[in-house]
Amino acid sequence: MERAEAIENLKKLVGKELHELAHQFKITIYQGGKVNKGWAGHVFERHLQIPINSAQSPNFGSWELKSIPLKYKKDGKLAFKETMAITMIDPVHVCQKEFEESHLLMKLKKIVVVARIVGKNVDEPSYIHSVVEFDLQGEIYDAVKADYDLVRNTLLDPDKGFSALTGKMGYYIQPRTKGAGHGSTSRAFYARPRFLAKFIKL
DNA sequence: CTATGATCATCC
DNA sequence: GGATGATCATAG
C-alpha cells in the first residue's frame, strides 16, 4: 500500500469511536483486569490490513504507523497525554552511525501519526482527532540531531555508557526505559510533547 | 525471551 | 500538570 493511500484511508476514520472498531476487529482491550496497552495501534494496523508483528520497523516497507493519545485539560483545551515511543535504541548501531545515517532519522522521516482523544481511562470513548506526517526542517532537525548526538556521546563515553541513559536527557527526543518489564533494561527513543506539538495542531 | 504496539504508576 | 521509569498483551 502506498503511504499517501494509507493516509487517505486513515483520515476516513476521523471521528470514529475506537472501542467500536476494536470490537469489530476482535482486539483485546482488557485481559483479566489488565489493559492491552497496544490495542489502539492494533486497531489501525488491522484497519489497513497490516500484519501485526514485532520486527523492528518497515511496518509496510515505506512508512511507519504511530498513534498518540490527546486529552482535555480542565480548561477544556487539548493537550498531549503521553510521550511517543519511536524506536528501540541499539547501542552498537548508534555508536557506528552519525545522525544522518541513524535508524532514528530514517524512522522519523517515515512516520505517520494518528492523534486520538482519550478520556481518563480506557473505558472512556476514544475518538480519532487527526492524521499527520512528520517533516523535519531547520531548527527542529538540528535540535533532534543534537539530542541524538547527546545519546551517542553518552554511549561512547567510557565512564557512562548504555546504563547512564536517562529520560532526563534530550530536548525533543529522550532515551527512556522500555521493555516487557520485570528487569528488562532495554531503552527506546521517545518524542516529547513539545516535539509532537510542532506537527500536530491541537 | 525480546521487539512492537503503547499506557500506567508515581514522583516532583 | 508534566516528567520519568516501569509495565502489559501480542507475536515470532
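All heavy atoms count here, side chains included; hydrogens, waters and symmetry mates do not. Remember, predicted model here, so these are calculated numbers, not experimental data.
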* Asked: Looking at the rings of A/F195 and A/Y171, which for Trp means the six-membered one, are their centres under 6.0 Å apart?
  -> no
* Asked: Please give, in whole Å, the distance from C/dA6 P to A/R187 CZ?
  -> 8 Å
* Asked: Picking from C/dA11, C/dA6, B/dG5, which would you name as closest to the side chain of A/Y190?
  -> C/dA6
* Side-chain donor-acceptor pair under 3.5 Å between A/H103 and A/D90, yes or no? -> no
* To do: Kindly point out which of B/dA3, B/dG5, C/dA9 is positioned nearest to the side chain of A/M88?
  => B/dA3
* To do: Starting from the 5' end of DNA chain C, give me the residue, A/Y72 or A/P175, whose nearest nucleotide shows up first.
  => A/Y72
* To do: Walk me through it: do A/F134 and A/L196 pass the test side-chain contact (heavy atoms from CB on, under 4.5 Å)?
  => CA-CA 9 Å; A/F134 283 159; A/L196 300 172; 3.9 Å; yes
* To do: Between C/dA6, C/dA11, B/dA6, spot the one nearest the side chain of A/R46, thanks.
  => C/dA11
* **Options B/dG5, C/dA11, B/dT7, nucleotide nearest the side-chain atoms of A/E82** => B/dT7
* Taking the side chain of A/K168 as its heavy atoms from C-beta onward, which of C/dT4, B/dA3, B/dG5 lies nearest to it? -> C/dT4
* What nucleotide among C/dG1, C/dA3, B/dA6 has an atom nearest to a side-chain atom of A/K73? -> C/dG1
* Structure fact -> The nucleotide from C/dG5, C/dT7, C/dA3 with an atom nearest the side chain of A/R194 is C/dA3
* Check every atom of B/dT4, B/dG5, B/dA6 against the side chain of A/T87 and return the nucleotide holding the closest atom. => B/dT4
* **Check: C/dA6 base within 3.5 Å donor-acceptor of A/T177 side chain** => yes
* To do: Report yes or no: is the cationic atom of A/R152 (NZ for Lys, CZ for Arg) under 6.0 Å from the centre of the six-membered ring of A/F99, at an angle within 45° of the ring normal?
  => no
* To do: Could you state the atom-to-atom distance from CZ of A/R176 to C1' of B/dT7 in whole Å?
  => 10 Å
* Could you state the CD-P distance from A/E45 to C/dA9, rounded to the nearest angstrom? -> 18 Å
* To do: Select one nucleotide: of B/dT7, C/dT4, C/dT10, the one nearest the side-chain heavy atoms of A/P69.
  => B/dT7
* Asked: Across the strands shown, which category fits A/G167 at heavy-atom distances under 4.0 angstrom: base, sugar-phosphate, nothing?
  -> sugar-phosphate
* **Side chain of A/N36 - closest among C/dT10, B/dT4, C/dT4** => C/dT10
* Taking the six-membered ring of A/Y190 (Phe, Tyr or Trp), confirm whether the NZ or CZ of A/R176 is under 6.0 Å from its centre and within 45° of its axis. => yes
* 5'-most by nearest nucleotide on DNA chain C - A/G179 or A/L165 -> A/L165
* Asked: Over how many whole Å does the gap from A/H42 atom NE2 to B/dT7 atom P extend?
  -> 11 Å
* Please give, in whole Å, the distance from B/dG5 P to A/F44 CZ? -> 13 Å
* Check against side-chain hydrogen bond (donor to acceptor under 3.5 Å, both in side chains), A/R187 and A/T177 -> CA-CA 4 Å; A/R187 282 180 171 70; A/T177 60; over 6 Å; no
* d(NZ, A/K77; P, C/dG1) in whole Å -> 13 Å
* Could you tell me the separation between the CH2 atom of A/W39 and the C1' atom of C/dT7, rounded to a whole number of Å? => 18 Å
* Asked: When the distance from CD1 of A/I86 to P of B/dA6 is rounded to whole Å, what number comes out?
  -> 12 Å
* Asked: Is there a side-chain polar atom (N or O) of A/K81 under 4.0 Å from OP1 or OP2 of B/dC8?
  -> yes
